[in-house]
Amino acid sequence: MPIACKNVNQLWAYILTETLKCLGLTCAVICPGSRSTPLAVAFAQQKPDIEAISILDERSAAFFALGQAKASGKPVVLLCTSGTAGANFYPAIIEARESRVPLLILTADRPPELRDCHSGQTIDQVKLYGTYPNWQTELALPSPDMGMLGYLRQTIIHAWEKSQTPSQGPVHLNIPLRDPLAPIPDGIDFSYLESQFHPEEFFAAITNSIPFPITHYPLPIPSEWQQCDRGIIIAGVAQPNQPQEYCRAIAQLSQTLKWPVLAEGLSPVRNYADLNPYLISTYDQILRNPQLAKQLAPEMVIQVGEMPTSKELRNWITSTQPQRWVIDPSDQNLDPLHGRTIHLRMSIEDLGTRGQGDKGDKSFSSLPDYLQLWCQAETQVRAAVDQTLAIMEDLFEGKAAWLISQTLPPGTPLFIANSMPVRDVEFFWKPNNLGVRSHFNRGANGIDGTLSTALGIAHRHQSSVMLTGDLALLHDTNGFLIRNKFVGHLTILLINNNGGGIFEMLPIAKFDPPFEEFFGTPQDIDFAQLCATYGVDHELITSWSQLQQRLNPLPTQGIRVLELQTSRRLDAKWRQENLRNFAANITV
């Protein structure tokens with residue numbers, strides 16, 4: 001089969017993209033620019049096997065790719081030209097590293113002779129992202145040599161693998177290219193390669209999978225766990241690819257040990273509630289009762305995934321100093337509390353609990369005393385929270401999280417923005433059996449790229465929802481530029497309290513000035529006009545019944561903003577007055 005290439009850059013780009021296609025790449029996000037031309041053209045020619053999506057803003061593009069990789073669990077390519085273009089990828093790359101999302105970043109670059117000589121659009125791109133990539137390298141200059149083509153193929157395979165092992169994360173390839181960049185002749189005669197290069201044989205060694213995950217054998221439960229009757233399991237922040245299996249494994253461990261499961265709102269455990277009879281969703285409120293917190297002090301803690309957001313929980317663990325285990329297959333340190341912690345580098349599904357548990361029993365009299373205390377506290381506090389919010393007519397932003405936990409269509413992908421939305425989900429998200437697929441950027445916990453990430457998650461998937469505050473949305477309004485490339489539907493539930501609600505919960509809120517100008521930072525934006533500018537549907541929500549009607553069923557196409565206007569100060573006051581009262585008078 002002849003090589004249909006007019007120059008060495010085109011050949012190089014063909015080998016690179018064909019290798020990625022054979023590895024299983026299905027999506028490449030491409031930012032416009034000149035130096036990356038050979039690669040952009042090559043990806044465009046790989047349609048329909050690889051969907052090539054052009055996005056103008058590099059920061060937005062990077063978070064869109066992050067969302068795509070979150071939703072699929074597979075690497076997504078991110079491509080840009082030389083210069084500061086790649087610098088705009090940085091926030092998303094940090095998030096990808098910290099939240100373990102596979103990205104393959106390709107930055108086109110000038111060749112060595114055009115660096116350090118004030119050639120335009122040139123910066124130092126080698127190790128541009130510091131220590132955040134799982135792996136990074138600069139490719140050799142393109143060469144029409146069989147040995148070099150083999151080098152390129154194997155380097156791409158290695159990069160693909162490094163984006164997924166030992167932990168998923170970003171990989172950066174800096175790619176220098178000489179002119180000509182367009183597919184025009186460069187004077188090289190490729191005829192001699194035609195007798196040597198046989199695509200079927202050249203790409204035959206590439207399979208559609210890599211050796212990941214490594215096969216694990218179920219490990220037995222440590223005897224010290226089985227001998228402890230004052231233990232808890234913390235189901236922390238997690239976005240597993242197979243959430244039901246993940247939740248079932250936690251439930252089996254819980255039922256085997258007869259330990260309660262304190263499930264973070266950002267854990268899928270709360271969305272598969274029937275699997276786990278010892279599910280505790282109100283631990284944050286329970287632990288605000290000092291007497292109860294002391295009574296419930298554990299001897300052992302098993303943490304699955306990352307530590308929940310709750311400061312109450314973190315402070316309680318720090319003060320009680322139990323022996324702790326962290327179950328997670330990554331090679332990262334997942335204990336920000338620096339306690340007596342043992343990391344078990346495995347997945348919860350690999351623990352040998354299958355068949356050991358029973359269906360659970362919530363008739364309190366038959367449970368161990370310690371588990372009884374937790375289950376009784378959960379029943380009473382859960383009822384207090386639900387009864388309070390059910391009759392509430394005021395547009396308190398915390399009720400939005402409570403309401404959508406019971407309203408969304410089954411399996412809905414939900415992106416939860418940082419700051420107050422993630423905390424309201426932890427406080428108020430009611431356990432359900434809807435299988436909602438929650439996503440979030442809790443690696444670095446920033447508000448960068450909120451809209452773009454949500455669009456990436458929703459693209460070509462089930463109709464999706466984003467829960468966000470006004471500042472997080474305004475920080476990424478360039479994400480609306482993706483609307484013409486976006487396939488599917490995203491409903492944006494916008495909590496507009498005209499500023500940073502999270503800061504109202506902090507001590508600095510008592511000091512104004514400078515609080516309102518430098519922390520509250522109201523932007524006074526008319527979101528109806530903003531949406532009209534981008535051609536995005538907008539609706540002002542004035543009642544909870546109206547919101548319920550708009551969330552189920554969801555539309556199938558387009559982007560829609562449902563705006564809920566609330567008061568920052570009143571909402572903060574409500575939380576401060578009520579969160580500590582839900583468990584104040586309970587008896588166990």
Side-chain angles (χ1 to χ4, degrees), residues 221-236 247-265 267 269-270 272-304 308 310 312-317 319-325 348 351 353 356-388 426-433 579-588:
I221 296 176
S223 60
E224 54 195 308
W225 295 1
Q226 295 175 311
Q227 294 166 7
C228 177
D229 59 3
R230 291 186 67 87
I232 64 171
I233 299 168
I234 295 175
C247 295
R248 184 174 285 113
I250 292 175
Q252 287 169 338
L253 179 61
S254 167
Q255 291 164 45
T256 299
L257 298 177
K258 293 293 191 292
W259 291 9
V261 177
L262 280 58
E264 150 82 69
S267 167
V269 168
R270 286 206 209 178
Y272 292 87
D274 276 356
L275 291 177
N276 201 309
Y278 311 137
L279 171 59
I280 310 298
S281 64
T282 59
Y283 56 84
D284 184 273
Q285 293 93 327
I286 291 170
L287 296 176
R288 291 170 189 262
N289 179 324
Q291 182 180 351
L292 264 181
K294 184 177 180 180
Q295 200 174 353
L296 293 169
E299 294 175 2
M300 293 186 182
V301 172
I302 299 171
Q303 174 187 323
V304 184
S310 169
E312 298 296 327
L313 177 64
R314 293 179 179 223
N315 291 339
W316 177 66
I317 290 175
S319 65
T320 56
Q321 286 294 304
Q323 174 65 61
R324 294 169 57 211
W325 287 263
I348 184 63
L351 200 61
T353 56
Q356 293 190 36
D358 53 36
K359 292 183 179 180
D361 185 356
K362 253 198 167 177
S363 59
F364 294 152
S365 61
S366 66
L367 301 180
D369 291 345
Y370 183 69
L371 180 56
Q372 270 192 59
L373 291 176
W374 273 110
C375 290
Q376 290 172 344
E378 166 71 9
T379 298
Q380 294 182 50
V381 177
R382 185 76 259 167
V385 172
D386 294 342
Q387 290 166 11
T388 300
E426 183 166 37
F427 296 150
F428 305 117
W429 190 269
K430 185 176 180 179
N432 61 73
N433 296 294
L579 284 176
R580 65 174 177 265
N581 291 333
F582 285 122
N585 299 313
I586 68 170
T587 56
V588 294

If you round to the nearest 0.5 Å, how far is [atom2] of [Y] from [atom1] of [X]?
X	Y	atom1	atom2	result
Tyr278	Gln372	OH	CD	11.0 Å
Ile232	Thr320	CD1	OG1	7.5 Å
Leu253	Ile233	CG	CD1	4.0 Å
Leu351	Ile302	CG	CD1	7.5 Å
Arg230	Asp369	CZ	CG	9.5 Å

Provide the closest heavy-atom pair for [X] versus [Y] in the form atom of the first, atom of the second, distance.
X	Y	result
Cys228	Gly231	SG-N, 3.9 Å
Tyr370	Asp229	CB-O, 3.3 Å
Glu378	Ser281	OE2-OG, 2.8 Å
Trp225	Ile221	CE3-CG2, 3.6 Å
Gln285	Leu579	CG-O, 3.8 Å

- Task: With sequence neighbours excluded, tell me which residues meet ring pair (Phe, Tyr, Trp, His ring centres under 6.0 Å) with Phe427.
- Result: none
- Message: Would Ile286 and Trp374 count as a side chain to side chain contact (heavy atoms under 4.5 Å, CB included) here? Give the steps.
- Response: CA-CA 9 Å; Ile286 291 170; Trp374 273 110; 4.2 Å; yes
- Under the salt bridge (Lys or Arg N to Asp or Glu O under 4.0 Å) test, which residues partner Asp386, sequence neighbours left out? Arg382, Lys430
Can you give me every donor-acceptor pair (side chain of residues 291-300, partner residue at least two apart or in another chain, under 3.5 Å) with its distance?
none

- Task: If a pair satisfies salt bridge (charged side-chain N to carboxylate O under 4.0 Å, His left out) and one of its residues is in residues 279-293, list it, with sequence neighbours excluded.
- Result: Asp284-Arg288, Arg288-Glu312
Name all residues meeting the side-chain contact (heavy atoms from CB on, under 4.5 Å) criterion together with [X]; count only those two or more places apart in sequence or in a different chain, and write none if there are none.
X	value
Ala235	Ile250, Val261, Ala263, Ser267, Val269
Asn432	Asn271, Ser405, Trp429, Leu434
Asn433	Ala273, Asp274

State which residues pass side-chain hydrogen bond (donor to acceptor under 3.5 Å, both in side chains) with [X]; sequence neighbours excluded, sorted by chain then number.
X	answer
Trp259	none
Tyr272	none
Glu426	Tyr283

Do [X] and [Y] have side chains that approach each other closer than 4.5 Å (heavy atoms only, starting at C-beta)?
X	Y	answer
Asn276	Cys247	no
Glu264	Leu313	no
Leu367	Cys375	yes

- Task: Give the intermediate values and the outcome of side chain to side chain contact (heavy atoms under 4.5 Å, CB included) for residues Val381 and Asn289.
- Result: CA-CA 11 Å; Val381 177; Asn289 179 324; over 6 Å; no
